[in-house]
Amino acid sequence: MPSATPITVPLENVNDPSILLAAWLVKDGEEVREGQLIAEMETSKAIIEFPSPASGRITILARAGDHIEVGAVIGHIGLDDDGDGSVRNGNSNLKSASAAPQSVSPRERSSLSPINGVRFSNKALELMELHHLPHTSFSGRTMVRERDVMSVIRSAPSPARGSEELPFQLRGIRLNGVTLPAELSATRTGMLDPGFFAHLSKSAQAFGRLSSAKKCREYANHGALIGTDVVIGECASIIAPRIVLGDGVEIGAHSDVRCRESFSIGAFSTFRSGLFVRGGLVAVGRNVYAGSRIQVGGGGHAEPWSLLCVGDNTFLGDDLFLNICRPVIIGTEVFLTQRAMLVTHNIGHSVLEGYENCFEPIVLEDYCQVGMASTLYAGVRIGRSAIVASNSYVISSIPDGKLAMGVPARVVRDAARPIDRSTQLRIARAMMRDFRDLLKLKGMDVSEVIEDRFNLMRGPRRYELQFMEAFSEAHSVQDPGCSLAFWVLEGGETAPEGTTVFNLLEKSVDGPSNVFTDSAREFLRKRGIRFRPGPWRYRQGLI
């Protein structure tokens with residue numbers, strides 16, 4: 001059989017098992033080049049222009065107007081005859097790439113895939129079969145090898161956290177790649193006295209006008225778990241049978257929170273003014289920063305599956321709309337930026353008349369980022385460390401580590417580009433100079449950067465920052481009047497007494513905290529380097 005590249009129906013919308021082949025843009029037998037637009041396909045949400053996966057002569061197997069299942073082969077590039085047993089132009093016996101004959105050679109087998117443009121090695125295919133991983137777990141990649149499959153297998157949920165420990169709303173949802181906050185599973189504390197809850201439900205506005213201190217006392221006296229230094233802003237109230245607010249939590253003014261089951265927020269998390277919540281269960285982790293005018297709920301908030309879960313160290317921008325008719329699950333260190341919209345259901349005209357009717361959860365895996373004014377549709381999953389560009393409309397899942405953009409959003413490249421050690425060193429030294437310059441512009445008494453170090457004088461106290469590629473205790477000797485800190489790329493897991501070491505690549509910090517080290521930590525946070533341990537909040541104000 002002549003070598004050929006199959007043209008397969010891509011997965012463009014997670015809720016569409018099939019697409020409409022709207023039109024062919026080329027003729028059967030025509031020579032096409034890789035990347036040339038060859039067809040238009042219609043999903044329930046958009047018309048997709050489809051590029052050729054290879055260069056060569058095209059053999060067309062499906063007719064315009066046909067509804068075709070995702071993964072089916074609709075043609076080939078480079079096949080000049082019908083020797084594979086398929087019939088051209090409209091035969092309903094469209095062959096799926098996943099049903100490739102056993103006689104296919106290993107080299108040919110690695111190129112066959114039910115996902116357009118994705119190739120799988122033999123080892124990868126064997127592992128996928130063994131662990132029952134679908135091909136769609138790797139959509140958006142160009143080549144999948146054994147190590148890629150192992151990465152997905154290793155990211156499976158920890159057995160220590162079984163489904164019996166989780167709220168029923170999460171049953172059946174794949175939690176790979178998502179680090180859930182502790183606040184989600186702690187459900188036995190913070191229950192309000194039923195009489196107080198009933199009173200609160202009837203007099204929310206009057207309660208909201210109380211001072212923050214009095215509101216905190218009232219909640220705590222009637223069963224809620226309220227940490228120290230909690231602030232509940234002017235005209236803000238929380239109504240839920242269970243309320244847990246960790247140390248340092250801030251709820252901004254004019255916030256209106258009403259949950260049918262539980263509302264819990266971890267230590268040092270902040271919501272600015274105008275938070276509006278209508279839902280079942282809301283659990284927010286530690287050190288989360290959320291902006292103003294965030295709306296959680298919308299249509300369908302009374303559904304029993306209504307749930308919002310937000311992992312530690314996540315950023316939520318201003319003017320978000322999170323529809324939680326079905327669960328919205330957000331992992332750790334996620335960036336969900338301004339004016340993004342997440343919609344877990346679509347209700348329109350009758351499903352029996354062919355209109356879409358969809359109720360599905362949305363999952364944002366750890367470290368992913370959703371750009372400003374983007375919309376995520378029901379059933380979407382954004383993979384670990386993936387990025388969705390601003391103003392995108394996402395109707396299909398985005399694989400780990402990929403950058404997607406557009407309407408509808410498509411993968412365009414890897415989200416991050418590998419850099420070598422020399423580049424890392426250059427960037428680290430440039431950051432040190434930028435930090436020094438920022439302190440100088442803020443009016444601080446700082447020295448020049450000489451031999452990868454500079455000093456700051458604050459009253460009688462001297463602070464020194466040094467950068468080195470690998471930490472060495474030989475450089476940690478200091479005088480009693482100096483607080484010494486290091487930025488390093490290797491080592492420093494255990495800092496010598498009186499010394500603070502920031503490992504920039506491991507994102508770990510060890511040693512005492514002071515006004516200078518806190519300022520350094522905040523500076524690096526704004527460069528995407530968020531250190532453990534947490535939670536942590538910058539309050540001292542040098543920068």
Side-chain angles (χ1 to χ4, degrees), residues 154 179 268 286-287 312-313 332-333 366-367 384-385 416-442 444-543:
R154 284 194 295 267
T179 303
F268 301 126
R286 305 184 303 168
N287 221 51
D312 297 344
N313 304 308
T332 189
E333 290 194 33
D366 296 348
Y367 311 110
R384 183 184 177 94
S385 301
R417 291 170 176 164
I419 59 176
D420 57 23
R421 177 51 64 90
S422 64
T423 304
Q424 290 173 335
L425 290 168
R426 176 177 54 80
I427 292 172
R429 290 187 169 105
M431 286 195 303
M432 170 177 269
R433 291 191 296 271
D434 289 345
F435 181 41
R436 180 266 172 199
D437 291 346
L438 178 58
L439 291 168
K440 181 72 173 178
L441 290 170
K442 290 284 187 177
M444 301 293 114
D445 181 9
V446 292
S447 69
E448 297 295 329
V449 176
I450 300 174
E451 296 182 349
D452 292 336
R453 69 178 67 190
F454 72 87
N455 294 297
L456 178 145
M457 294 300 300
R458 186 172 171 83
R461 192 72 183 170
R462 182 168 70 90
Y463 301 91
E464 182 174 305
L465 176 63
Q466 298 184 27
F467 169 73
M468 58 178 62
E469 181 175 1
F471 179 71
S472 170
E473 291 194 27
H475 292 82
S476 64
V477 178
Q478 59 176 305
D479 64 71
C482 177
S483 294
L484 185 59
F486 290 89
W487 290 0
V488 303
L489 301 184
E490 294 179 14
E493 290 81 6
T494 303
E497 185 176 356
T499 300
T500 304
V501 181
F502 295 85
N503 187 309
L504 304 183
L505 295 181
E506 295 295 330
K507 301 178 184 176
S508 63
V509 59
D510 187 69
S513 173
N514 55 53
V515 67
F516 184 63
T517 58
D518 279 1
S519 298
R521 183 168 180 166
E522 174 66 5
F523 175 87
L524 292 166
R525 181 189 70 82
K526 293 179 178 178
R527 275 75 185 164
I529 305 173
R530 292 173 288 280
F531 290 93
R532 298 177 299 273
W536 175 82
R537 179 179 288 175
Y538 179 66
R539 294 185 180 274
Q540 303 197 56
L542 278 189
I543 59 173

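Everything numeric here is computed off the predicted structure, so don't read it as measured data. Atoms considered below: every heavy atom in the structure, side chains included; atoms not considered: hydrogens, waters and symmetry mates.
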Legend entry - Residue pair S508 / N503, side-chain donor-acceptor N/O under 3.5 Å: no

Inset, instruction - Check for a donor-acceptor pair, side chain of R521 on one end and backbone N or O of R530 on the other, with a separation under 3.5 Å. - result: no

Inset, instruction - Anything under 30° is parallel, anything over 60° is perpendicular, the rest tilted; go ahead and classify F454 against F516. - result: perpendicular

Legend entry - Taking every non-hydrogen atom, the tightest pair across S513 and D518: OG-OD1, 2.6 Å

Inset, instruction - Determine yes or no for a side-chain-to-main-chain donor-acceptor pair under 3.5 angstrom, with R286 supplying the side chain and F268 the backbone. - result: no

Legend entry - Validation row: F467, L489 side chains within 4.5 angstrom (heavy atoms): yes

Inset, instruction - Looking only at non-hydrogen atoms, find the nearest pair between S519 and L542 and report the distance. - result: OG-CB, 2.9 Å

Legend entry - Results of side-chain hydrogen bond (donor to acceptor under 3.5 Å, both in side chains) for S385 - residues two or more places apart only: none

Legend entry - Short side-chain to backbone donor-acceptor contact, Y538 and I543, under 3.5 Å: yes

Inset, instruction - Looking only at non-hydrogen atoms, find the nearest pair between E464 and C482 and report the distance. - result: CB-SG, 3.9 Å

Legend entry - Y463 vs V446 side-chain heavy atoms within contact, under 4.5 Å: no

Inset, instruction - Mind checking the CZ-CG spacing from R527 to L504? Nearest 0.5 Å is all I need. - result: 12.5 Å

Inset, instruction - Kindly compute the distance separating CG (D437) from CE (M444), expressed to the nearest 0.5 Å. - result: 14.0 Å

Legend entry - D452/R429 ion pair, N-O < 4.0 Å: yes

Legend entry - Of I529, V509, D510, the residue whose pairing with F502 passes side-chain contact (heavy atoms from CB on, under 4.5 Å): V509

Inset, instruction - Validate the cation-pi geometry between R433 and F435: distance from NZ or CZ to the six-membered ring centre under 6.0 Å, angle to the ring axis within 45°. - result: no

Legend entry - Side-chain touch F523/L438, heavy atoms, less than 4.5 angstrom: yes

Inset, instruction - Report yes if the side chains of R462 and L456 come closer than 4.5 Å at any heavy-atom pair, otherwise no. - result: no

Inset, instruction - Give a yes or no on whether a salt bridge exists between E490 and R421, defined as a side-chain N under 4.0 angstrom from a carboxylate O. - result: yes

Legend entry - Any donor-acceptor N/O pair, R453 side chain to V449 backbone, under 3.5 Å: no

Legend entry - Minimum heavy-atom distance between P512 and T499, given as atom pair plus value: CD-O, 3.5 Å

Legend entry - Donor-acceptor pair, side chain of N313 and main chain of T332, under 3.5 angstrom: no

Legend entry - Over all atoms of both residues, closest heavy-atom pair of G491 and F471: C-CB, 4.1 Å

Inset, instruction - Taking the side chain as every heavy atom from C-beta outward, state whether L484 and Q466 have any atom pair closer than 4.5 Å. - result: yes

Legend entry - Closest approach of R461 to S483 (non-hydrogen atoms, all atoms of both residues): NH2-OG, 2.9 Å

Legend entry - Heavy-atom check, side chain of E522 versus side chain of W536, under 4.5 Å: yes

Legend entry - Minimum side-chain heavy-atom gap L465-F486 below 4.5 Å: no

Legend entry - Euclidean distance, E469 CD relative to L505 CG, rounded to 0.5 Å: 9.5 Å

Legend entry - Residue pair I427 / I419, side-chain heavy-atom distance below 4.5 Å: yes

